[in-house]
Number of protein chains: 2
Amino acid sequence: MNLKQLAKELNLSISAVSKALRDSHEISPATKKAVLAKAKELNYQVNPFASGLRKQKSKTIAVIIPEVVNDFFGPVINGIESIAQEKGYHVLIYLTHEVEQKEVAIINLLQNGRVDGVMISISAQTSDTTHLEALKEKGIPLVFFDRIVERINAPKVITDDYNSGAVATNHLIENGCQRIAFVSLPNKLTITQKRMNGYLDALKNIHIKKDNSLILFCNGDEHKDKDLIRNLLKRKDRPDGIFASVEKLAIITYEVCEELNLNIPADVKVICFSNLKTAGLLNPSLTTITQPAFEIGREAASILFKLIEKKGHHFLLEKTTINSKLIKRISTEKTSGEK
Amino acid sequence: MNLKQLAKELNLSISAVSKALRDSHEISPATKKAVLAKAKELNYQVNPFASGLRKQKSKTIAVIIPEVVNDFFGPVINGIESIAQEKGYHVLIYLTHEVEQKEVAIINLLQNGRVDGVMISISAQTSDTTHLEALKEKGIPLVFFDRIVERINAPKVITDDYNSGAVATNHLIENGCQRIAFVSLPNKLTITQKRMNGYLDALKNIHIKKDNSLILFCNGDEHKDKDLIRNLLKRKDRPDGIFASVEKLAIITYEVCEELNLNIPADVKVICFSNLKTAGLLNPSLTTITQPAFEIGREAASILFKLIEKKGHHFLLEKTTINSKLIKRISTEKTSGEK
DNA sequence: AAAAATTACTAAAACGTTGTAGTAAATAAA
DNA sequence: TTTATTTACTACAACGTTTTAGTAATTTTT
């Protein structure tokens with residue numbers, strides 16, 4: 001069913017029907033009513049390819065993330081989808097699996113008008129960002145969330161990473177930790193850097209200086225990351241507190257502690273950036289810095305749609321910060337023997 | 001950059017360039033080489049709308065699921081995406097949030113050629129399925145996974161739900177449970193029915209007959225579901241075993257048990273269909289029937305692509321069953337006082 | 001009552017591909 | 001040597017919309 005057939009049924013020209021469907025003032029109310037009725041009757045739907053080709057608009061956005069199986073990115077997608085559904089947009093999902101090469105390939109696929117805008121949280125391994133700059137150069141609206149690229153001039157939605165890093169570290173200090181390890185993704189990522197800076201400054205405040213042997217940069221490969229963390233916790237001078245910068249690393253830490261028979265929180269206290277639904281049900285329950293993931297998704301999507309709709313306006317190019325919150329649970333509690 | 005401009009740069013006709021890019025035998029090797037080089041130089045990309053319009057192909061599939069924040073659907077998407085990326089397809093995501101009305105609206109959006117195929121796990125509240133039949137009628141390839149519609153003649157990828165239901169129930173029986181509750185989604189869903197039949201037959205085997213007060217049909221609304229489960233566990237004749245048919249309900253069960261100060265597994269044993277990464281780290285660790293979610297995604301996507309590529313062939317219209325497995329953990333263990 | 005403006009349409013040209021039909025020139029077959 | 005075939009292209013008509021530029025007919029203004 002297309003416009004041509006519909007027009008024939010109605011004894012009207014194709015353009016009249018097209019205009020009637022889009023409620024043009026050039027068409028009389030009576031005709032409009034007739035067209036709408038017939039269109040409904042015959043279940044006419046606009047062909048998105050013809051329409052997209054003509055209007056140079058896709059009504060589609062792309063979301064590029066490292067992974068879906070994740071209690072942060074899941075709710076983010078949820079937030080994005082909720083706004084997209086409101087606005088009548090479609091959502092394409094692409095996963096980089098933390099591989100820079102895949103990210104580049106995906107971005108290159110999107111240069112030809114397939115989407116009206118792109119939202120991305122970059123892969124942990126991305127260091128070169130020319131692919132992202134090229135996309136911006138083409139005039140395709142781009143919004144970063146969480147894992148941003150500082151130097152690219154595009155809207156960014158993030159949490160207060162520096163501050164949260166300090167809060168988490170202080171929480172461990174308050175509960176008696178002296179040797180606090182920072183376990184994290186590669187330090188190319190701005191979230192890693194900021195969270196680490198918060199951690200370092202919190203330590204500096206109590207006159208502890210940076211100890212590189214307590215700072216671990218993982219890379220997203222589960223097995224390798226587990227080895228790194230196992231080595232850290234096997235050391236004689238092992239840390240008494242672990243601050244994990246992402247969810248996955250906290251889970252690995254729990255697994256390793258079980259393996260090595262280390263008690264949380266007596267032997268090691270653990271705090272983590274995490275949106276795990278089950279954080280409160282873990283053994284022991286996990287103290288988290290929780291990001292408002294759904295809201296980040298909604299906010300980032302809203303900004304993207306503003307950008308798409310009012311192209312050329314630059315007043316939106318700022319950073320939006322949504323605060324995380326500390327949820328204290330057992331994994332960082334003082335145990336009876338402690339001062 | 002389009003074919004016209006590229007052709008002008010090369011002093012060739014548009015069709016020659018088009019054919020060269022698609023490696024047609026009508027074009028000489030020398031010309032092909034020149035075209036490819038120029039296309040790369042100028043970063044030419046085929047316009048997906050023009051191409052889609054002309055070829056009546058979108059190179060896109062739709063995935064319709066109830067939610068993303070879920071350790072089952074997450075890995076499924078992962079599996080789907082991995083196959084789609086291999087095949088050069090794009091993946092549109094739509095969430096129904098368990099609302100039938102949304103599912104209908106989404107399906108209606110897909111009737112106009114936007115996608116070459118659809119994969120769906122239906123909402124828990126879907127009872128009328130004419131929207132899905134209409135989609136099939138239009139000739140758009142459709143594959144069901146996990147939450148299927150039995151009566152629609154389309155490929156289905158599922159797990160051995162009946163058998164797993166029996167295995168889970170037997171496991172509880174073996175560990176001493178006598179009053180086993182079945183906590184589940186609405187019984188419209190075939191997965192609910194089959195899992196329940198497995199449960200009922202396992203009970204019948206030991207001569208326990210169906211007790212409707214021990215069978216709970218939740219509906220996906222977290223608050224209401226929690227109330228239902230709370231009421232179940234507050235009763236004097238509360239069950240000593242709970243078999244939850246989906247992950248979310250097991251988490252709620254854990255929360256309610258904590259709230260009511262019921263010890264798992266001493267007071268109630270809990271088993272659940274679940275893909276929680278953290279099942280082993282929960283307090284207590286949760287015994288699960290785990291579905292091979294990633295493989296389900298890959299398998300369902302593979303079948304969909306076969307269907308897309310060899311349209312009209314009917315040899316693929318079968319059901320594919322991939323087995324789940326029981327992972328025994330503490331939540332169902334016999335406690336010291338038990339026989 | 002003539003000129004101007006408005007109403008309610010139609011015709012036709014894009015948008016960027018792809019594939020069919022056509023065509024010179026070169027090569028092979030009769 | 002003439003005819004048939006192959007090679008390497010070009011021209012052009014789709015695909016289904018949207019939009020600009022018309023145009024009769026009607027209504028309003030002067």
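Order of the sequence lines sets the chain letters (A, B, ...), proteins ahead of strands, with each chain counted from 1.
Note: CG (A/Leu6) to P (D/dT17) measures 9 Å, nearest angstrom. With rounding to whole Å, A/Asn47 atom CG is found 17 Å from C/dT17 atom P. One can place OH of A/Tyr44 at 7 Å from C1' of D/dT17, the figure rounded to the nearest angstrom. Taking atom CD1 of residue A/Ile14 and atom P of nucleotide C/dA13, one finds them 14 Å apart after rounding to whole Å. Here C/dT6 presents its P atom at 18 Å from CD1 of A/Ile27, a figure rounded to the nearest Å. Counting to the nearest Å, the C1' atom of C/dT17 and the CD atom of B/Gln45 are 15 Å from each other. Separating the CG atom of B/Leu53 from the P atom of C/dA14 is a distance of 17 Å, rounded to the nearest angstrom. Computed from coordinates, the A/His25 NE2 to D/dT19 P distance equals 12 Å when rounded to whole Å.
Between A/Lys38 and A/Glu41, at least one side-chain nitrogen of the basic residue sits less than 4.0 Å from a carboxylate oxygen of the acidic one, meeting the salt-bridge criterion. By the 4.0 Å N-to-carboxylate-O rule, A/Lys319 lies close enough to A/Glu150 to be salt-bridged with it.
The shortest non-hydrogen separation linking B/Ala84 to B/Val91 is CB-CG2, 3.5 Å.
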Checklist entry - Given the rule that a pair is Watson-Crick or G-U wobble with both distances under 3.5 Å, how would you write DNA chain C in dot-bracket, using | for pairs to a different strand? => result ||||||||||||||||||||||||||||||
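Here A/Gln56 reaches the OP1 or OP2 of C/dG16: one of its side-chain N or O atoms lies under 4.0 Å away. Remark: A/Arg22 is in phosphate contact with D/dT19, judged by side-chain N or O atoms under 4.0 Å from OP1 or OP2. The side chain of A/Asn2 places an N or O atom within less than 4.0 Å of a non-bridging phosphate oxygen (OP1 or OP2) of D/dG16.
In this structure, CG on B/Asp146 lies 3.5 Å from CZ on B/Phe72, to the nearest 0.5 angstrom.
Side-chain contact between A/Leu142 and A/Ile120 is present, with heavy atoms from C-beta onward closer than 4.5 Å. Inter-residue side-chain proximity for A/Glu67 and B/Glu81 is flagged as unmet; no heavy-atom pair is nearer than 4.5 Å.
Among the atoms of the strands shown, only primed sugar atoms or phosphate atoms (P, OP1, OP2) are found under 4.0 Å from some heavy atom of A/Ser28. A/Ser51 comes within 4.0 angstrom of the backbone, heavy atoms only, and of no base. B/Leu12 comes within 4.0 angstrom of the backbone, heavy atoms only, and of no base.
Residue-to-nucleotide contacts include no donor-acceptor pair under 3.5 Å from the side chain of B/Thr31 to the base of D/dA8. No N or O donor and acceptor, one from the side chain of B/Lys19 and one from the base of D/dT7, sit under 3.5 Å apart.
Residues B/Lys55 and B/Ser13 each lie close to DNA chain D; by heavy-atom proximity, the contact nearer the 5' end of the strand is made by B/Ser13.
Side-chain polar atoms of B/Glu86 and B/Ser82 form no donor-acceptor pair below 3.5 angstrom.
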